[in-house]
Amino acid sequence: MVGSPKNITVESVNRNTLSKQVVESIIQLLISGQMKPGDKLPTEMELMEKLEVSRPVLREALSSLQSLGVISRKTREGTFFNNKIGSHPYSVMLALAHDNIPAMVEARMALELGLVTMAAEKINNEQLSELKETIDFIANCKDDNYGEADNEFHRIIALSANNPIVEGMIDSLHITLRKIDSHIKVRERERTLEHHLAIYDALVKRDPYQAFHAMYVHLNYVREKVLKQNL
């Protein structure tokens, strides 16, 4: 594992949206080539001095980067850029746009619409059964706390595409789902079930055209709801 560089250059941040600017400044260390995946970041004290921010602001930024899979924080060892960033650059883009919900929704649409068409050709019976289980869970849920089952439905579809090139995006997709889910203030279970069943039926038929259409209807509905609720 490569140690922390002795001399790095980061820009100090302004006082507006401090946490976001810290995230961007730290990621800039990767983009500029000053640091690489696997490298150890400077200590919190060093980063606070270089970025001219308080410890709470820095820790908020580091928590965001950790939740997005960009860094790992190890007790008594320090904070490191994850090695997988080199093959999973989508995580970095998510980190840079972590509070841009419209961009996240559109990125999700672009990725999932492609994945569902591949899934229609490749999904197996076991995965179809797992999809049906998530639908049944949502149908039988006594309250609106079915976000995890909803996310699992989409995760199964992504994995069933079985494409090694896009595998690096699936973890990031899951993060995106969680982020978008946290911005949904009003759930409509019957509409969710209707959409999920339409997608499921298309996958059972192995029909990529129908699957694409059903997924678009669902994701466009989510997009309109999320953006309307977060105006």
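Reckoned from all heavy atoms, side chains included, excluding hydrogens, waters and symmetry mates. Bear in mind the structure is a predicted one, so any value in this text is a computation, not a measurement.
Between Lys205 and Asp201, no side-chain nitrogen of the basic residue sits less than 4.0 Å from a carboxylate oxygen of the acidic one, so the salt-bridge criterion is not met. The pair Lys40-Glu77 does not meet the salt-bridge criterion, since no charged nitrogen lies less than 4.0 angstrom from a carboxylate oxygen.
In this structure, Leu47 CG and Leu29 CG are separated by 8.0 Å, a value rounded to the nearest 0.5 Å. Asp207 CG to Thr117 OG1: the interatomic distance, rounded to the nearest 0.5 Å, is 11.0 Å. To the nearest 0.5 angstrom, His154 atom NE2 is 4.5 Å from Arg108 atom CZ. Rounding to the nearest 0.5 Å places CG of Asp150 at 9.5 Å from CG of Leu193. Between the OG1 atom in Thr79 and the CD atom in Gln66 there is a gap of 8.0 Å [rounded to 0.5 Å]. Taking CD1 from Ile199 and NE2 from His213, the interatomic distance works out to 10.5 Å, rounded to the nearest 0.5 Å.
Exactly one of His218, His196, His195 qualifies for a ring pair (Phe, Tyr, Trp, His ring centres under 6.0 Å) with Phe153. That residue is His196.
Side-chain atoms of Glu121 never come within 3.5 Å of backbone atoms of Met118 as a donor-acceptor pair (strictly under, hydrogens ignored). Side-chain atoms of Lys122 come within 3.5 Å of backbone N or O of Ala161 as a donor-acceptor pair. A donor-acceptor distance shorter than 3.5 angstrom exists from the side chain of Asn140 to the backbone of Asp136, with no hydrogens or angles considered. Listed for the Arg206 side chain is a donor-acceptor partner under 3.5 Å among the backbone atoms of Ile123.
For the pair Ala149 and Thr134, the tightest heavy-atom approach, listed with the atom from each and the gap, is O-CB, 3.6 Å. Pro37 approaches Asn82 most closely through the heavy-atom pair CB-O, 3.4 Å. Pairing each heavy atom of Asn145 with each of Asp143, the nearest pair is N-OD1, 2.9 Å.
Counting only heavy atoms from C-beta outward, the side chains of Arg59 and Met48 never approach each other to under 4.5 Å. Using a 4.5 Å cut-off on side-chain heavy atoms (C-beta onward), Glu152 and Ile156 make contact. Side-chain atoms of Asn220 and Arg223, non-hydrogen and from C-beta on, do get closer than 4.5 Å to each other. At a threshold of 4.5 Å between non-hydrogen side-chain atoms, the residues Val105 and Leu219 do not count as touching. Side-chain contact between Met45 and Arg55 is present, with heavy atoms from C-beta onward closer than 4.5 Å. Looking at Met215 and Ile157, their side chains come closer than 4.5 Å, going by heavy atoms from C-beta outward. Using a 4.5 Å heavy-atom threshold, the side chains of Arg73 and Ser63 count as touching. Within the 4.5 Å cutoff, the side chain of Leu62 has heavy atoms near those of the Glu44 side chain.
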Step by step, work out the side-chain contact (heavy atoms from CB on, under 4.5 Å) result for Leu65 and Phe81. CA-CA 9 Å; Leu65 289 167; Phe81 281 118; 5.9 Å; no
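No path of Ile, Leu, Val, Met, Phe, Trp and Tyr side chains, each step under 4.5 Å between heavy atoms, connects Tyr200 with Tyr209, placing them in separate hydrophobic clusters.
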